[in-house]
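Heads up, the thing below is written out as structure tokens.
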Number of protein chains: 2
Amino acid sequence: MAENSTGGTQTLTERQRQIAAAARALLDAEGPEGLTMRRVADALGIKAPSLYKHVPDKTALELLVVAGGFVEVAEALEAATADAAEPLPALAKAYRDYAVAHPHLYRLMNYQPLRRDLLPPGLEERAAMPLLAATGHDGDKARALWAFAHGMVSLEIDGRFPPDADLPAAWKAGLATFV
Amino acid sequence: MAENSTGGTQTLTERQRQIAAAARALLDAEGPEGLTMRRVADALGIKAPSLYKHVPDKTALELLVVAGGFVEVAEALEAATADAAEPLPALAKAYRDYAVAHPHLYRLMNYQPLRRDLLPPGLEERAAMPLLAATGHDGDKARALWAFAHGMVSLEIDGRFPPDADLPAAWKAGLATFV
DNA sequence: GTCTATAGTGGGATAGAC
DNA sequence: GTCTATCCCACTATAGAC
């Protein structure tokens, strides 16, 4: 394990961290169209071919960004659960806030198969832990809750709810069932 | 209303129906990468530029395909509700079955804003009706149910559930809360 | 309603010199 | 570790002849 270059499982060089950060910034600012090898290179003041000395290909670069997103999501959900008067609504709010704040990253993380084999070990589990805890460690219930939350935020960020839909009310109606 | 050409609200020529059908077949078979003006034209034995005599641009063509999908979804959900011993599980099964059978079409329909202004009037409402009825015409509850179902099927077709996840159990756990 | 020709744009990635 | 040069690919869409 602990491969690098980076075909997987982390420990990054300084340059790799810079590349990932530039890619993340471009994705946040412009969406997936903005995330190209040329644009990332431009942001670092180098030429696109030079990137290939640090990263094997574009999907590896995207995975770096995805991994960063998982860390942030885990931190956000852990923080929301920490004070915990009512864990479920707090968790839901944190999940939604993160997705709405970073819609492009959210899609990159969740709209395609996850390369678990190349992700830092335990990272996905860490991000899922607060959900699991909130359902009394019932895996099926946790997945149902995740699906509900994912459905709500993806329909929101993809602009699929009708303009007049009362989203907070829909969240409440859905969450009520999980208490 | 009743524009054509087609910048909107239906009544198609024979050629337009052929074009939409070819596009749909390509999308089902190869996904969005396969759905290009060249490939659609090829399938009809003509050249890509000729398509522009029948359809203003590619997004208009995609909307034709989306509209066809809504008709099919509406029919599937209506059929599932018809016999109705237990409407909710039947509805969920029909929704899931359709999405899993046509994942590329499902994404085209649901992963981007819906051009309601260009869709045949009443079509979206018709497709939503069975959901609404199943929640006793509670709009917020219906949207929550939709979000749950959408979350489940999109996580499934996008390959985001862990390999060991028990999907039927998650559906059951989620649906239980809506009864 | 079809065609040819073509404009215009963009992308990922490699070879090989320095 | 960076560069230049380059190859490959693909796409949407328009102009104008027939």
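The figures that follow rest on heavy atoms only: side chains count, while hydrogens, waters and symmetry mates do not. Every chain is numbered from 1, with letters handed out A, B, ... down the list of sequences.
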Tell me the side-chain hydrogen bond (donor to acceptor under 3.5 Å, both in side chains) pairs involving residues 125-144 of chain B, sequence neighbours left out?
B:Glu78-B:Arg126
Which nucleotide in [options] has an atom nearest any side-chain atom of [X]:
X	options	answer
A:Pro49	D:dT2, C:dC3, D:dA5	D:dA5
A:Lys58	D:dC3, D:dC11, C:dG12	C:dG12
B:His54	D:dT12, D:dT4, C:dG1	C:dG1

Using whole Å, what does the distance between atom [atom2] of nucleotide [N] and atom [atom1] of [X] come to?
X	N	atom1	atom2	answer
A:Glu30	C:dG10	CD	P	12 Å
B:Glu33	C:dG11	CD	C1'	13 Å
A:Tyr52	D:dC7	OH	P	17 Å
B:Asp42	C:dC3	CG	C1'	14 Å
A:Ile19	C:dG12	CD1	C1'	15 Å
A:Leu51	D:dG1	CG	C1'	11 Å
A:Asp57	C:dT14	CG	C1'	13 Å
B:Leu44	C:dG1	CG	C1'	13 Å

Using only atom types and a distance under 3.5 Å, with no angle test, would you say the side chain of A:Ser50 pairs donor to acceptor with the backbone of A:Ile46?
no
Any donor-acceptor pair under 3.5 Å linking the side chain of A:Gln16 with the backbone of A:His54?
yes
Contact under 4.0 Å: [X] side-chain N or O vs [N] OP1/OP2:
X	N	result
A:Ser50	D:dG1	no
A:Lys47	D:dC3	no
B:Arg38	D:dC11	yes
B:Arg39	D:dC11	no

Which residue, A:Lys53 or A:Ala48, contacts DNA chain C at a nucleotide closer to its 5' end, judged by nearest heavy atom?
A:Ala48
Quick one, B:Arg115 with B:Glu124, criterion salt bridge (charged side-chain N to carboxylate O under 4.0 Å, His left out). Give me CA distance, side-chain angles, the key distance, then yes/no.
CA-CA 11 Å; B:Arg115 289 300 306 269; B:Glu124 185 191 15; over 6 Å; no
With a 3.5 Å cut-off and sequence neighbours excluded, list the donor-acceptor pairs that the side chains of residues 33-40 of chain B form with protein atoms.
from	atom 1	to	atom 2	distance (Å)
B:Thr36	OG1	B:Arg39	N	3.1
B:Arg39	NH1	B:Glu30	OE1	2.9
B:Arg39	NH2	B:Glu30	OE2	2.7

